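Remarks on the structure that follows.
Order of listing sets the numbers, starting from 1, for every ligand and every atom in it. All figures in this text were calculated on a predicted structure; none of them were measured in a lab.
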Amino acid sequence: MKAISWLASAATVLTVGSSLALATPSQKYSWKNVKIGGGGGFVPGIVFNTKEKGLAYARTDIGGAYRLNPDDSWTPLLDFADGERWNYWGVDALATDPVDPNRLYLATGMYTNSWDPNNGQILISADRGASFNVSKLPFKVGGNMPGRGIGERLAVDPNSNNILYFGARSGNGLWKSTDYGKSWAQVGNFPSAVPGDSNDYNTDKVGIAWVTFDSTSGSSGVATPRIFVGVANKGTDNVFVTTDAGKTWGAVAGQTTTFLPHKGVLSPSEKSLYVSYSDGAGPYDGTSGAVLKYNIGTGAWTDITPASGSDLYFGFGGVAVDLQRPGTIMVAALNSWWPDGQIFRSTDSGATWSPFWSWGNYPEMNKHYSYSDSKAPWLGPNHIETNAGTLQIGWMMESLEIDPFDSNHWLYGTGATIYGGRDLLQWDTKHNVSLSSLADGIEETAILGLISPPSGPPLVSAVGDIGGFVHQSLDVAPSNSHQNPNWASASDIDYAGNKPSYVVRVGTGDSSSGKQVAYSNDYGVSWSEHPGAADSGGKVAVSADGDSILWKTGSNGVQVSQNTGSFSAVSSLPSTTSAIAADKKTNGVFYAVSGSDFYLSTDGGKTFTKKGALGASTAPFDIAAHPSVTGDVWVSTDKGLFHSTDSGATFNGISGITQAWGVALGASAASNGYPAIYVAANFGGVGYYKSDDQGANWAQINDASHGFGSAGANVLAADSRVYGRVYIGTNGRGIFYGEVDGPSSPTPTSTTTSVTSTQTTTTSGTVTQSTTSTSTTTATTAVPTPSATTTPAGPWGQCGGLGWTGPTTCTTGFQCKEGNPWYSQCVQA
Ligand SMILES: *[C@@H]1O[C@H](CO)[C@@H](O)[C@H](O)[C@H]1NC(C)=O
Ligand SMILES: *[C@@H]1O[C@H](CO)[C@@H](O)[C@H](O)[C@H]1NC(C)=O
């Protein structure tokens, strides 16, 4: 099940472009996902294009959007999102153009509360997501907020595809574009723009739920007159309609207002709208609901809810209509937590239904499907174990689609993967279909800890919501997540430097024993529960010989355990300690940091003494210790990257790095040389950098297609056996590994960024925008030397970047601002 606690860390604020003294060389790297496979998180939306066979997209709440391939795998579309654009990975709505299949629109933004200081944006593509233009919105978008599975709240007019509607959250109302999403204006006369509460994650208004054009009401080339809009309200009208292309709106007569409308799906041949309802916004809640059919011609509403009485203990989410077979529809229980999820199918417009499973001789269940998790074996046949049993077919089922060109092909999203199959018509003939996990290529996990020990498997991970894995191969989906104990989330992992098979993992989500430390003597293949402590989460460090464990948690500060004994507080460390690490060579040596202070322990973490200062740092982030030289440590902080070779007595700051996050040491370029150093840092631009000479020279190793989201939310590990290989654990897009893929180029070559331009947003009508106070410092960079021969770049145009030969000045009222070393842009002065 998807938790949200660790996602708050995504709101780490970056300072960008604050100094541009040095042009860092780049080194060509190849980047790939470490294959976990099968998704890993909630897939709130799947949308098929209705014009072109086989074209479909999926959106996720924290890991971007994907396009479907003919072999059932998925291609990620938003990997370019970097530290400044991390909120692009929260995709709250998706629209594929029913007139021009090349056009794709994504409404992105992570949170409407303070966790995300940025407004949202519509990403506009004319090449199926290969590249995007950006239209900034004057309000926030909440791809990872409650109600993220309702929708779609973004839609393209099927008769006049320059027209789009977008339903906002937080009481910001309904918005319309008439120029393919470039500019947007609020629909002033839409009746249900309730004010929002954007300060709280759980109480902010979910707002407009969905926009559905009635394609049958108009004709090609003319704005569709009839449009239905659902609003996430109950107890008051919540389905609205216009019949004059948006000039006037009214509540649809005869509607039910008991529940929130989650989906409004048109069946054009039947001239009907199918609406699913739940009593909660989802995706976790929902204890009752309904499914209604609205006959557009007669105005009659028919209740076709497929369950009643004590069998109705869930709301409804996904609704699918088979466009090839009018009257064939399917609907998913949003959350049936016991004994399993549920889906219903009807071939007579909802008059009668058949279920995906039914009770046999109780407690036996007749499963009207065969099950395969071959593309994601770690899912296991029963991925979620609840108090009452196990769930196989899923939960949080908000997206359910039948391929508009192929009645046999269907997909639905769950809290952990995408399921579906290619023999759906056998539901009607044999009442038995083949169900498979079909999320291959979707890597949607939040990585909280990574180790690459010097022997054993190349990588072991600690992962939010799904625990983590031993990655024996980087390219093959693991067969199991960490088990026995198996908590909801693992928050960190470490190994003993002299005994790398000894691994310790800490986690959250075990309400039964509360003991959320586990250790392994076989690199994480099998585990034992550490008897010592009742606490959860945080960070862990293991002494070089494995006899001491240091554990830092939110509630109890830093604690230490010796020889698997109970944990006791380390009173010589302040409660503000923000990072801990073990020396990998000398047993009993630990390091810790707080503010600008560095601390050293030589007695197994029992006591620490304050050593030297980390410049003017206020927020140290990470500590990396040399694998074989005691006292040689690297510390990343909000003020840069610092290196000590005397156990922290003195530090040197790395020139040019103004802010740093994850830091890791890996195999050296030369045999017996100094380890390669990798760091996520602001080095005249936020990126990922490598040094082969103890930090004297650096090369940037990520490129414009690989931004890795929020640098401050990511974890780094470097391979100690393969020179050049580095692992980046992201907050939403799984783990990437990079390897050297060409010589270092001291004169960087030109790279084009995936985002080609930004459009202004026109706002009409009043938008209540809450003022969010953020600590973002957007320092403006020195404008590159103007070239006399070129005319200034226009608003939002590119004005610089490595290899850029175009204009370097901006039109009046705009100034050139560096986004990253490859891309500077004209922004409003
Ligand atoms: C993106 O912006 C450029 C520059 O304004 C424009 O030429 C192009 O048509 C836009 N593409 C899309 C898909 O809107
Ligand atoms: C559906 O087919 C599978 C695979 O053959 C079988 O295991 C299952 O029992 C069948 N379901 C029913 C209800 O017959």
Quiz prompt | Pair Y105 + F166: ring centers closer than 6.0 Å | solution = no
Self-check item: Ring centers of W175, F139 separated by less than 6.0 Å
Solution: yes
Exercise. Counting heavy atoms only, name the option from L435, N366, N432, V433 that's nearest to atom 2 (O) of ligand 2.
Key: N432
Exercise. Give me the one residue out of R148, K140, R153 that meets salt bridge (Lys or Arg N to Asp or Glu O under 4.0 Å) with D92.
Key: R153
Practice problem: May I ask whether atom 5 (O) of ligand 2 is less than 4.0 Å from at least one protein heavy atom? | Solution: no
Quiz item: Got a salt bridge between R422 and D72, using NZ or NE/NH1/NH2 to carboxylate O under 4.0 Å?
Solution: yes
Exercise. Flag the pair R59 and E444 as a salt bridge only when some basic side-chain nitrogen lies within less than 4.0 angstrom of an acidic carboxylate oxygen.
Key: no
Exercise. May I ask you to check whether R103 has an N/O atom sitting below 3.5 Å from an N/O atom of ligand 1?
Key: no
Practice problem: Check each atom of ligand 1 against the heavy atoms of A126 and keep those under 4.0 Å away; list them by number with element. | Solution: 13 (C)
Quiz prompt | Which residue and heavy atom of the protein sit nearest atom 13 (C) of ligand 2, plus the separation | solution = K367 O, 3.4 Å
Exercise. Name the closest protein heavy atom to atom 7 (O) of ligand 2, giving the residue it belongs to and the distance to 0.1 Å.
Key: Y369 O, 5.0 Å
Quiz item: Of the options V211, L154, I124, I122, which is the one that meets L164 in a side chain to side chain contact (heavy atoms under 4.5 Å, CB included)?
Solution: L154
Quiz item: Going by the atom numbers of ligand 2, which of them fall below 4.0 Å from some non-hydrogen atom of H368?
Solution: 13 (C)
